[in-house]
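In what follows, chains carry the letters A, B, and so on, assigned in the order in which the sequence lines appear, proteins first and then strands, with residues in each chain numbered from 1. Since the structure is predicted, the reported quantities are computational estimates derived from the model, not experimental observations.
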Amino acid sequence: MEVFWLLLSLSLLELSAALPGSHSTRRPTDPAPLQSQTQTMATGDLVPTHFPARRAAQVALHHLNTHHGSPFRVFGLQQVHTATAEDQVVGTAGRKYSLDFSVTDYGSSVCFRSMTNEGSVLRCSAEVLFPRTETHTHTPPEVHLRCEDLTHISSSPEELAFYQKHTAPHSAISAHDLPDSQGNISQDMQPFWHLARVAASFIMLRESSENTEYNMAQVANLTQQETSEKQLMLKYHVLLHDIVSQEIIHWKLLCSWSPEGGVSVLETEWLPKCPHDTGPPTAN
Amino acid sequence: MQSSIMSVWVVLALVAQDRLAGGREHKSYDYTKYHTMDEISAWMNQIERDNPDVVSSMMYGQTYEKRNITLLKIGFNSTTPKKAVWMDCGIHAREWIAPAFCQHFVKEILGSYKSDSKVNTLFKNLDFYITPVLNMDGYIYSWIDNTTRLWRKSRSPGAENCTCFGTDLNRNFYANWGMVGISRDCCSEIYNGPTALSEPEAKAVTEFLGANQNQMLCYLTIHSYGQLILVPYGHPNISAPNYDELMEVGLAAAKVIKAVHGKSYKVGSSPDVLYPNSGSSRDFARLIGIPYSFTFELRDEGQTGFILPEDQIQPTCQEAYQGAMSIINYVHDKNFKSAAITVTATLWTTLIALWISSTSVL
């Protein structure tokens, strides 16, 4: 009889283990967000994987790229670790984000094709302020940024060789559709694609708000410009993508680069999509 | 003797003709390249021809430009209605990695159902309804040249006073239509259409899901880019009754995705992780009662965006396959008794029978 009860309890245990849904309840590692959230943006601690923290981090990244980007160095967001947001009323009024995040340099991959072989990871912290203006004109965000090891960044031999080659007399590079429709970019053209991304960062930084999230979708074309200075000067037509509006925005820009001077953007021109467009989709 | 030689020749000639008629040798179909709509349609026909006992195709609607929207129904035949899993790719034309994933998914399940007992069980208990390219008009348009590559919407003409084409199919469904995350400007990429379900593509999916809603267990819609798994709903003030469970299932999928090639996929509702939106197919599926409804946003996170390099097709599809299967297996196991339960039930019955007989003896 005792054997019977033993078998009974054993089979009960087995049965409960086999039933789906009776596993010990695991709490999602992502804390449940505020479902009662209305149009107002979150304040205080932000969930790092949610869009407010990510958009602010992307703005900090655009800033980082304008200062430290090159044909062989483009930073992308790896992960946001922590983020907070608060209303700033003293000084410039607006919303201030404080971020702790990691970035990775994907411009340094010798082989563009293996995107899984990402470059070095840097830890950064930043404050990003999205100003609130009385009028409805857009004011660019303000960024204060600190990254470890940035001072150790210097021009690589690749960079110097590329610079020498294309600032030589009679260098007249031009190209279109980087990448092509299938996503391919030849090895020779990768540094020009990186440079476009860095130059586009100036525009993306300037145009960003809490309601935009910009990436560069494609380089439509590029043409090297003659210059008396020892600079690589290029005219670009780039296509930016804003995730929030899903729009593709065309910009023409003139940029120059040298290893010592970094990237500068000298002119930008927005190209309208539809005849009735009045301006780029900035803060709505 | 002569007649048998003749019949051998006839057979050989027929085989050769069949091979030629089938076009490119299907075994060389390159799943690591992007394919035109014609190539995908030919591939669908070939898949059906090669797997007649488990694959059938169904036309369930037409695009604006009158193309037949077709899905592949995959699973073992059954006389009784079976539960089902839906997958659609290519609602947005420029997201080429999505149709590539649908093709990869079909290839994988057809290549493993005979040898993999888990997939075999899925084929037994479920039917897969897979639409490799939903927005065919848009997809074909995006292949025309470099200026059309980034097209997103359908190709229906705008209403009067509008010079622009297209409606965002993923804002056109009858699911909180027009409430948030849309534009009433017909030139906008998120124009939700003159009315809900104005687009025949959205209508086709709506009608099919509606007709099969009692069978449909899981709705997966594949997009790019962003590396996200999105749960309903797109409206910030509305949450699905099984939100917690959907999050758990989504996070589990993200975990298996990461194990493949190290890529992080973020999981959450669209208003949390991406942006608020309305009229999405995912929301519609959940609203009519399909319990497990997810949007996948595949690689990458913005470096190349929509124009994902071809050499990333395979790794992206591999990781997304594991993620999708994680969800599908969960859904299956929740709805179908496992073998362990059957064994335990048998043991129970035996024990009770023994006890009854032993007490009656006593």
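- What you find for B:N146 and A:S181 is that their closest heavy atoms are OD1-OG, 3.8 Å.
- The CD atom of A:Q182 lies 7.5 Å from the CZ atom of B:R149; values are rounded to the nearest 0.5 Å.
- Among B:E245, B:H92, B:R94, B:K33, the residue with the largest count of heavy-atom pairs under 4.5 Å with chain A is B:R94.
- Here the closest heavy-atom approach between residue B:D272 and residue A:P52 is recorded as O-CD, 4.3 Å.
- Between the side chains of B:Y275 and A:N211, no donor-acceptor pair of N or O atoms lies under 3.5 Å.
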TODO: Go through B:S264 and A:Q79 one step at a time and tell me if the side chain to side chain contact (heavy atoms under 4.5 Å, CB included) criterion holds.
DONE: CA-CA 9 Å; B:S264 297; A:Q79 199 190 354; over 6 Å; no
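- Using a distance-only test at 3.5 Å, with no hydrogens or angles considered, a donor-acceptor pair links the side chain of A:K273 to the main chain of B:C187.
- Side-chain atoms of B:E310 do not come within 3.5 Å of backbone N or O of A:G183 as any donor-acceptor pair.
- The residue among B:T147, B:L274, B:L150, B:D145 with the most heavy atom pairs within less than 4.5 Å of chain A is B:L274.
- Ranked by heavy-atom pairs shorter than 4.5 Å toward chain B, the options A:V74, A:V244, A:D180, A:L239 are led by A:V244.
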- [ ] Kindly determine whether B:K153 and A:Q246 satisfy side chain to side chain contact (heavy atoms under 4.5 Å, CB included), including the steps that lead there.
- [x] CA-CA 11 Å; B:K153 300 187 286 184; A:Q246 291 292 352; over 6 Å; no
- [ ] Please report the C-alpha distance between B:Q303 and A:M216 in whole Å, then the side-chain angles of each, then the deciding distance to 0.1 Å, and finally whether the side chain to side chain contact (heavy atoms under 4.5 Å, CB included) criterion is met.
- [x] CA-CA 7 Å; B:Q303 293 97 318; A:M216 185 179 81; over 6 Å; no
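- Contact record, B:Y225 with A:H241: OH-ND1, 2.6 Å, taken as the closest heavy-atom pair.
- Contact of A:R197 with chain B is not made at all, since no heavy-atom distance falls under 4.5 Å.
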Open item on the list: Go through it in stages, so that I can follow the logic: the residues are A:Q218 and B:F306, the test is side chain to side chain contact (heavy atoms under 4.5 Å, CB included), and I'd like the CA-CA distance, side-chain angles, deciding distance and then a yes or no.
Closed with: CA-CA 9 Å; A:Q218 195 181 32; B:F306 299 115; over 6 Å; no
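- For the pair A:Y106 and B:T304, the minimum side-chain heavy-atom distance is 4.5 Å or more.
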